[in-house]
Number of protein chains: 2
Amino acid sequence: MSDDSTDTPSGAFVGYETCPVRRTLTVLNGKWKLLIIYELLPAPCRFNELKRRLSGVSQRLLTAQLRSLEADGIVDRLVMEVVPPHVEYSLSEKGRSLQPVLQAMEMWGENEIKNSPIS
Amino acid sequence: MSDDSTDTPSGAFVGYETCPVRRTLTVLNGKWKLLIIYELLPAPCRFNELKRRLSGVSQRLLTAQLRSLEADGIVDRLVMEVVPPHVEYSLSEKGRSLQPVLQAMEMWGENEIKNSPIS
DNA sequence: GTATGCAGTACCCTTTTATATACTAGCTGC
DNA sequence: GCAGCTAGTATATAAAAGGGTACTGCATAC
């Protein structure tokens, strides 16, 4: 693995520095990230409640994706030093600014469900 | 492996039948799918040109994701029986209707690049 | 005759995601 | 005392997705 200037961080698309869509997809790369943001849009949420609402994610993966979103400044993590532990996840301003993306997906999905219902 | 009603197709989110966002994310699940749609938005494109423009995808994966998008009715595949082979990929109406999603991502990415440039 | 382009397929390997379990630490409820 | 709650970490294993490269068959280009 040579460390030349064409290398991109793990999971990043070539050209993510200058292409807006590639940049966005690099940040949102991860199966659960958009869903996490979607669940946090209406209100902050604690870890276990988030896990229940996502129904299907393991705590291992949920932790990893939350940490990644936190590192990218999308999600804020507020730890209250009480017993039992209380950790609240919320969207940063940067995270909330993704709302139009989620909204467009929601609209497209609504149309899809109407036109091609599953059962 | 029991075949009860909670089973979902491979890659699908629990609740994709009724939740619009889960439904959209299920269709768009795949690292290159949104980027493929983005590249096809302005004009149809042939296989190898698409591969060059995506720069980073392997032909194996590009084929697989195009087939999946075709199965979901997002992309149309037009084969011209000539030598050398000429296969043109284009967006269906359903595919073009994803433009607002890409547009929202493009706008978010533009802002990101402006506020946190990489180099 | 060798090189290149097209649109893939076949084979193998690595990374990511999924599942499952055990463990932490203090507090509450029984 | 023991179980259960919180929000994780650690470990192991397995399945799924992603990635690299060689190869095809026919045609044109050199």
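Every chain is numbered from 1, with letters handed out A, B, ... down the list of sequences.
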Taking only N and O in the side chain of [X], is any of them less than 4.0 Å away from OP1 or OP2 of [N]?
X: B/Asn48; N: C/dC6; answer: yes
X: A/Arg52; N: D/dA7; answer: no
X: B/Trp32; N: D/dA17; answer: no

Closest listed nucleotide, where the reference is the side chain of A/Tyr89 and the choices are C/dG5, D/dT6, D/dG8:
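From the listed options, D/dG8 comes nearest.
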In terms of side-chain heavy atoms of B/Arg46, which of C/dA7, D/dG8, C/dA18 is nearest?
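The answer is C/dA7, which lies nearest to the side chain.
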Could you measure between the two C1' atoms, the one in D/dG8 and the one in D/dG4, and give it in whole Å?
16 Å
Could you identify which residues of residues 21-31 of chain A place a heavy atom less than 4.0 Å from some atom of DNA chain D, listed by residue number, or say none?
none
Pair B/Glu112 + A/Lys94, salt bridge at N-O below 4.0 Å:
yes
Would you call B/Arg46 and B/Glu88 a salt bridge, taking side-chain N to carboxylate O under 4.0 Å as the test?
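Salt bridge: no.
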Sorted by number, the residues of residues 54-66 of chain A with heavy-atom contact under 4.0 Å to DNA chain C:
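Heavy-atom cutoff 4.0 Å gives A/Gly56, A/Ser58, A/Arg60, A/Leu61, A/Gln65.
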Check the distance between C/dC6's C1' and B/Glu49's CD and give it to me in whole angstrom.
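Distance check: B/Glu49 CD to C/dC6 C1' gives 13 Å.
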Is the Lys NZ or Arg CZ of B/Lys33 less than 6.0 Å from the centre of B/Tyr38's six-membered ring, within 45° of the axis?
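B/Lys33 over B/Tyr38 ring: no.
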